[in-house]
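The next block holds one structure in the form of C-alpha cells; read it before the comments.
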Number of protein chains: 2
Amino acid sequence: MRPAKISESAVRRLSLYLRVLDAFELAGKTTVSSGDLAELGGMTPAQVRKDLSHFGSFGKRGLGYPVSELRERVTEILGLGRRWRVGLVGAGKLGAALFFYDGFRGQGFDVVGVFDNDPGKIGQHWGRLVVEDIESIDRVVRAARIEMGIIVTPVISAQSVADLLIAAGVGAILNFAPTRLRVPPGITLRNVNLEIELESLAFALTHENGA
Amino acid sequence: MRPAKISESAVRRLSLYLRVLDAFELAGKTTVSSGDLAELGGMTPAQVRKDLSHFGSFGKRGLGYPVSELRERVTEILGLGRRWRVGLVGAGKLGAALFFYDGFRGQGFDVVGVFDNDPGKIGQHWGRLVVEDIESIDRVVRAARIEMGIIVTPVISAQSVADLLIAAGVGAILNFAPTRLRVPPGITLRNVNLEIELESLAFALTHENGA
DNA sequence: GTTCGTTTGTGATTGATTTCACAAGGAAAG
DNA sequence: CTTTCCTTGTGAAATCAATCACAAACGAAC
Ligand SMILES: NC(=O)c1ccc[n+]([C@@H]2O[C@H](COP(=O)([O-])OP(=O)(O)OC[C@H]3O[C@@H](n4cnc5c(N)ncnc54)[C@H](O)[C@@H]3O)[C@@H](O)[C@H]2O)c1
Ligand SMILES: NC(=O)c1ccc[n+]([C@@H]2O[C@H](COP(=O)([O-])OP(=O)(O)OC[C@H]3O[C@@H](n4cnc5c(N)ncnc54)[C@H](O)[C@@H]3O)[C@@H](O)[C@H]2O)c1
C-alpha cells in the first residue's frame, strides 16, 4: 500500500512500535493488541491502529496483530529491510562517539566512510576504516555508494560539508551542528540540536510553577 | 505576560529566534522584522509574530522588533537569564563528548557533576571534576544543587538512573538511551533517540520516489 | 450454529497548530 | 498636517493531528 502522506511524527512512532515488537517477540508472544503496543510505546491504542492502518490491515479483529509478521512489515515500511551506507563528516569528539557506537549497526546502518579536514586526523585508523581527507569526499562517497551523511563538524563548516555531500549524491543528512542548513528540494534533512533540547528543559523548569 | 499554554514546538522556535537574534546583533542591526527572523529561521513571518505575541507586544508597527531588547526578552522567557547546574550520568563515549563540549556553557548550562558505576571510571579526573560513584548521586546532586540530569548510560540502567535523579530532586531529564523512561508528573523528560533519526532518514529515502 | 467477549479498521469529531488577511499603529517626507 | 509606506498584532479560516466511538470481524465455548 502506498499511503498519500505520512506525517513525520507517525514515522517516528513506527520506529517505537518496532522496538516494542522486538521486545514482544523476544518474550515469545505471537500476537499483540493495539492496547499492548500503546501501553509500552506510550501512546493510545487508537493512534497505534490509525498509524498502522495507513499501510494496510495487518491485524485480526478480536485477536490483535501477529508479532513477527507485523515486525517484518514495519521493518519493510521504514526501509530497514536492507543495510544503509552512511558517511560521517567530522572526526571529532562527537564523531568518535557515534562511530564507535555499535547500536546503529544493529539497526542496519553501517558507517563506511569518515572524513575530516585536519591533517592530524586524516589517515588515522578508526576501526577498519581510515579517516579520509574531506577533499576526497566526492570520490569516496561514490566509490562506497554512501547514501546518508552525518555532519559533526563545527557550525562554520557545516553548510559547505552539506553541499559537498549533496553534490556527491547523498540524499539524506543528519546534522548535529547547531545551525540551519539549506538543502535543495528532494534532500532529506534532520537536525539534532542539543542546545535546543536543554533550553526546552530550562523553559519547562522556569515555567512549571506558573502552570 | 503569563501565557495560557505554549506548545513544545513554539518553545523550540524561540530557541531558534534567539540564535538568529544573536547573529543580527553581531551584525550590528538594531531592528528586525518578522520577515527577517522568518527568513533566517526557516519559518513564516506570521508564525514568528504569533509566537512572540504569546508573550507580549515587543515590536513597533512599521518598524519591526528592537534586536537587543527582543533578545533579552526571549532569553528571559526561555529561562536563560541565569545559569543551570547539570548532572551527567554515564561517563562513557557519548558522556565524554558531551562533557568536553564547550557549547553548552555558552548557553548557560554548567555540568557540575559526572557519575558512573564502573570502578574503572569512578575517581577519574574530568576537567576540574572527578567522576563520582553513582551511589553518591543523591548526596552530590543535593550538595551541588543540580537541577537537570543527562542520561547517557546503557538502556538497561537508564530507568534506575532516572529514578535516582528524580529522588534526588532533579526536575528535568535529557535521555539519550533508546528506551522509554517513565517519570512522575511534574518531571520534564526529553528524549534524544538517534536510531529514530536514522530510521526516519531511511524511511524518507525509501519513499521519496513514490512521493 | 449461536452466543459472547474481544479487538480491529475507520468515518466522524474534537483539538491543536499554522496560515491568512487586514485593521491599526507608527515613521518619514513634503 | 496629510499622505505614503511598512510592519505589527490578532481574530478568522484552513490545515493538520489525535481521539472517539462503533459496526464489522474473528475465535472460543458449548
Ligand atoms: N561534542 C558534543 O557533545 C556536541 C554537543 C552538541 C553539539 N555538538 C556539535 O557537533 C559538532 C561537532 O562537535 P565536536 O564536539 O565533535 O567538535 P570537535 O571539534 O571535536 O570535532 C569537529 C571535527 O570536525 C572537523 N572539521 C572541521 N571542519 C571540517 C571540514 N570542513 N570538513 C571535515 N571536517 C571538518 C575538525 O577537524 C574536527 O575533527 C559541532 O557543530 C558541535 O556544535 C557537539
Ligand atoms: N555513543 C553514541 O554515539 C550513542 C549514540 C546513540 C545512542 N547512544 C546511547 O547513549 C548511551 C550511552 O552510550 P555510550 O556509547 O556512551 O556507551 P558507553 O558504554 O561508552 O558508556 C556508558 C557508561 O555508562 C556507565 N554506566 C552503566 N550503568 C550505569 C549506572 N547504573 N550508573 C551510572 N553509570 C552507568 C558505564 O560504566 C559507561 O561508562 C547508550 O544508551 C546508547 O544507547 C549512544
Side-chain angles (χ1 to χ4, degrees), chain A residues 1-17 20-21 24 29-71 73-74 77 196 200 203 211, chain B residues 1-17 20-21 24 29-71 73-74 77 196 200 203 211:
Chain A
M1 179 169 283
R2 173 60 37 81
K5 187 70 202 308
I6 300 299
S7 76
E8 174 56 23
S9 36
V11 173
R12 302 173 83 86
R13 283 194 297 271
L14 287 182
S15 289
L16 292 177
Y17 301 150
V20 177
L21 286 169
F24 274 110
K29 301 215 33 154
T30 58
T31 58
V32 276
S33 68
S34 56
D36 296 337
L37 281 170
E39 175 76 17
L40 273 83
M43 61 279 300
T44 65
Q47 183 152 68
V48 172
R49 293 199 298 276
K50 186 68 105 189
D51 285 341
L52 295 177
S53 77
H54 288 132
F55 300 95
S57 307
F58 310 125
K60 280 211 176 17
R61 298 176 184 211
L63 194 58
Y65 300 88
V67 172
S68 77
E69 189 193 317
L70 183 59
R71 206 181 61 84
R73 286 294 291 121
V74 175
I77 290 165
I196 289 183
S200 125
F203 177 87
Chain B
M1 180 170 284
R2 174 61 36 81
K5 188 70 204 305
I6 301 300
S7 75
E8 173 57 24
S9 35
V11 173
R12 302 173 83 87
R13 283 194 298 270
L14 287 182
S15 289
L16 292 177
Y17 302 151
V20 176
L21 286 168
F24 273 110
K29 301 212 38 151
T30 58
T31 58
V32 276
S33 68
S34 57
D36 296 336
L37 281 170
E39 175 76 17
L40 273 84
M43 62 280 299
T44 66
Q47 184 153 67
V48 173
R49 294 200 297 277
K50 187 67 105 189
D51 284 342
L52 296 178
S53 77
H54 288 131
F55 300 96
S57 308
F58 310 124
K60 279 210 178 13
R61 297 175 184 213
L63 195 57
Y65 300 89
V67 172
S68 77
E69 189 194 316
L70 183 59
R71 206 181 60 85
R73 287 294 291 120
V74 175
I77 290 164
I196 289 183
S200 126
F203 177 87

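This is a predicted model, so every value here is computed, not measured.
- When DNA chain C is scanned in the 5' to 3' direction for atoms under 4.0 Å from non-hydrogen atoms of chain A, the outermost contacting nucleotides are C:dT6 to C:dA12.
- Residues that satisfy the side-chain contact (heavy atoms from CB on, under 4.5 Å) test with A:Ser7, not counting sequence neighbours, are A:Ser9, A:Ala10.
- Spacing between atom CG of B:Asp51 and atom P of D:dT10 amounts to 14 Å, rounded to whole angstrom units.
- With rounding to whole Å, B:Leu52 atom CG is found 9 Å from D:dT8 atom P.
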Under a 4.0 Å heavy-atom criterion, the protein footprint on nucleotides 21-28 of chain D, written with B, S and -, is B--BBB--

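- The interatomic distance linking B:Phe55 (CZ) with D:dG9 (P) rounds to 14 Å, in whole Å.
- Atom NZ in B:Lys50 sits roughly 7 Å away from atom P in D:dG11 (whole-Å rounding).
- Applying the salt bridge (charged side-chain N to carboxylate O under 4.0 Å, His left out) test to A:Arg12 and every residue at least two apart in sequence or in another chain returns A:Glu8, B:Glu197.
- Not counting sequence neighbours, A:Thr31 has no partner by the side chain to side chain donor-acceptor pair (under 3.5 Å) test.
- Within a heavy-atom distance below 4.0 Å of DNA chain C, the residues of residues 29-41 of chain A found are A:Ser33, A:Ser34.
- Residues passing the side-chain contact (heavy atoms from CB on, under 4.5 Å) test with B:Ala38 are B:Pro45, B:Val48, sequence neighbours excluded.
- A search for salt bridge (charged side-chain N to carboxylate O under 4.0 Å, His left out) contacts involving A:Glu39 returns nothing, not counting sequence neighbours.
- With sequence neighbours left out, the ring pair (Phe, Tyr, Trp, His ring centres under 6.0 Å) criterion links A:Phe203 to A:His207.
- For B:Val20, the side-chain contact (heavy atoms from CB on, under 4.5 Å) partners two or more places apart in sequence, or in a different chain, are B:Phe24, B:Leu37, B:Leu40.
- Checked against salt bridge (charged side-chain N to carboxylate O under 4.0 Å, His left out), A:Arg71 has the following partners two or more places apart in sequence or in another chain: A:Asp22, A:Glu25.
- A pairwise comparison of heavy atoms in A:Arg73 and A:Phe55 identifies NH2-O, 3.9 Å as the closest pair.
- For the side-chain contact (heavy atoms from CB on, under 4.5 Å) test, residues two or more places apart in sequence or in another chain that qualify with B:Pro66 are B:Glu69.
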